[in-house]
Amino acid sequence: MSTLFERINDRVARTAFGRWFKLEGSGAKKERAGSRFTISVNASIIADSGGTCVCPTDDLCLADDAYNICVNEVRNNLITATAAVSSLSTFLMGVFANLPVGLAPGLGLNAYFAYSVVGFHGSGIISYREALSAVFMEGWIFLFLSLIGLRQWLVRIMPQSLVLAVGAGIGLFIAFIGISGHGLGVIGGDTVNLVGLGGCLPKDYASDDLAGYCTGGQLRNPTVWLGIFVGGILTVLMLMYRVRGAILIGIFLVSIISWPRPTAVTYFPHTVAGDAMFDYFKKVVTFQPLDRIGNVIDYNYGSGHVWYALITFLYVDILDTTGTLYSMAKFAGLRDPETLDFENSTIAYCIDAFSISMGALMGTSPVTAYVESATGISEGGKTGITAIVTGLMFFVSIFFAPIFASIPPWATGGALVLVGSMMIRNVLEINWDYLGDAVPAFLTLLIIPLSFNIAYGVIAGVFAYIILNGVPLILKKLSGGRIMPSNYEISEEWVIPPGSIVPYWIRKVHSYVKKPRGGVHANPSEAELDESRSSTGDEKEKPAEVKAERAS
């Protein structure tokens, strides 16, 4: 059987298909070693914003059946939107950028969108429709920044400790959501200590308006323990034994246990909202149109709050998407160790930017590369074929929306905690030995989950870094190197990676414009050749081409 697969791989590699995706054995330049041919959480979070539903009272409509039914319809819409935009963006990434990276609305960004910008049930600074306008504009700005190379350059000059801290802080943020009332329910509100143990039954809530604030009976809700043991501990054990799809298995096991009614852990109680959810669940296979969230953007760019959200989205997304893309490219062996850029970076960022704006039209938060792409890469998926297959699977899932809409929060809570625990590993690479690097990173880690706001943590870290490293640098310059911190020599060196800020395609166009009349190439200098070799993420100048130009 293995010989059969080897023959299939070899034949596919030798085709135009294999050469386009640079499969091993294709003979293409820079073919990717080891690459062979055979190889609903987002909706729940954004639905907490209320979407286009309008609450007529000041109590956030927690007990309003009509409002909750509307929110559930928004959630059903968001499942379709998430699958659709993920299918489109991931497919494009595979075909045009030839990268094994999947795209979907990011967990950290959707939490910021839902809880910090729009707010729970619309209690934030701007409406859901206005927030989509910020996302829509963000995509086009990102497209421009990607085309001129600025987006790639910005992430390359960020201090590495801060980049690592942001990723780890987002992990803590996601984990906190997973153990809160939006997930397992282990942590709830507390009228004295801000947060405390949750997981009580509704009869023990402080009031109808304070769901999750327990006056007693903490951790008595059986859904908490179902999520902890099946969605959490069992999933971890499966991961330890390398069971493929362990996280998905855990989510669906908890969901299947929670679907029968009536049981103590049912997701479909005999209430108005429960009956509506169960009626939708029984459809199993259907297409849910985007009747509540499709093309509902309010282009209110005259609002200062919209621009505040837009600028924050831009900054956070630069760190989020670029950091993830760089990490996945490095994991796949596609990143240049000197320039810190990777193959087809301009194309990849343009696809990401385009997908962000298309996602806004479909009603969802910013699209970003996701870290789960590492799973496919570790199995040998190092080309765009991996992304193409993933995109096709997303497309199929559009028609199974009732199943995904019926996954309870305690089924996904454990998965969020696990994802957070995987992202926190970045702290190992932070320079904890020098306070000028350690304190800004720690502030970023601390403030992101505690403020429930990624942007606040990023801003705190950047300002702390500028002050704690800028003051010693100024004193060092003024004193001629006599006044320095005691362990200044172990500080993280901040350098601008070699290579031009100008992307490859602009330099290529410029070189054609500068050609002498008659089509004779001027002999390039060694410096020009070195710059061409060292600076882009797109296809760099090939050695054979360099030799040809030298010969000419």
Side-chain angles (χ1 to χ4, degrees), residues 100-101 106-109 152-176 239 315-342 345 368-375 377-378 416-450 454-470 472-473 485 487-499 537:
V101 177
L107 279 179
L109 288 166
Q152 297 89 310
W153 187 76
L154 283 175
V155 74
R156 291 163 58 206
I157 66 170
M158 279 290 296
Q160 286 302 299
S161 288
L162 281 185
V163 172
L164 295 168
V166 170
I170 292 174
L172 288 176
F173 187 16
I174 291 171
F176 186 65
L239 286 171
Y315 192 80
V316 174
D317 211 6
I318 282 177
L319 295 176
D320 193 337
T321 303
T322 52
T324 303
L325 271 173
Y326 270 71
S327 299
M328 295 304 102
K330 180 181 179 182
F331 188 46
L334 306 177
R335 192 173 73 163
D336 189 305
E338 294 183 5
T339 66
L340 301 184
D341 218 337
F342 58 91
S345 65
T368 180
Y370 54 80
V371 294
E372 290 80 2
S373 302
T375 304
I377 294 172
S378 65
L416 291 175
V417 174
L418 288 176
V419 171
S421 70
M422 295 174 185
M423 296 180 70
I424 196 67
R425 70 182 65 177
N426 287 341
V427 298
L428 294 174
E429 300 178 41
I430 294 174
N431 182 21
W432 295 111
D433 297 324
Y434 181 67
L435 289 177
D437 297 325
V439 171
F442 179 74
L443 286 175
T444 303
L445 281 169
L446 184 69
I447 293 177
I448 285 177
L450 293 186
I454 298 169
Y456 293 160
V458 173
I459 292 170
V462 169
F463 273 96
Y465 185 90
I466 292 173
I467 294 172
L468 295 179
N469 289 276
L473 180 62
N487 58 346
Y488 190 73
E489 68 280 357
I490 64 173
S491 63
E492 179 183 273
E493 184 180 5
W494 180 75
V495 295
I496 298 178

Q: Give, for atom CG of Leu428 and atom CG of Leu164, the distance between the pair rounded to the nearest 0.5 Å.
A: 10.0 Å

Q: Applying side-chain hydrogen bond (donor to acceptor under 3.5 Å, both in side chains), name anything that partners Asn431, two or more places apart in sequence or on another chain.
A: Asp437

Q. Atom CG in Leu416, atom CZ in Phe173: separation rounded to 0.5 Å?
A. 11.0 Å

**Q.** Heavy-atom neighbours of Leu435 CG exceed 12 at 6.0 Å
**A.** no

Q | Separation between CZ of Phe463 and CG of Leu443, rounded to the nearest 0.5 Å | A | 13.0 Å

**Q.** Minimum-distance pair of heavy atoms, taken over all atoms of Ala175 and Val417
**A.** O-CG2, 3.8 Å

Q.
If you compare all heavy atoms of Ala464 against all heavy atoms of Pro440, which two are closest, and at what distance to 0.1 Å?
A. C-CG, 3.9 Å

Q: Quick one: closest heavy-atom pair of Ala441 and Ala165, and the distance?
A: O-CB, 3.5 Å

Q) When rounded to the nearest 0.5 angstrom, what is the spacing between CG in Leu450 and CG in Leu172? A) 9.0 Å

Q: Might you point out which heavy atoms bring Ile467 and Pro472 nearest each other, and give the distance in Å?
A: O-CD, 4.0 Å

Q: Using the side-chain hydrogen bond (donor to acceptor under 3.5 Å, both in side chains) rule, collect all pairs that involve residues 161-175, keeping only residues at least two apart or in two chains.
A: Ser161-Glu492

Q: Report yes if some heavy atom in the side chain of Tyr434 is under 4.5 Å from a heavy atom in the side chain of Leu468; otherwise report no.
A: no

Q | Flag if over 12 foreign heavy atoms under 6.0 Å of OH, Tyr488 | A | yes

Q: For residues Leu162 and Val462, report the shortest heavy-atom separation together with the two atoms involved.
A: CD1-CA, 4.0 Å

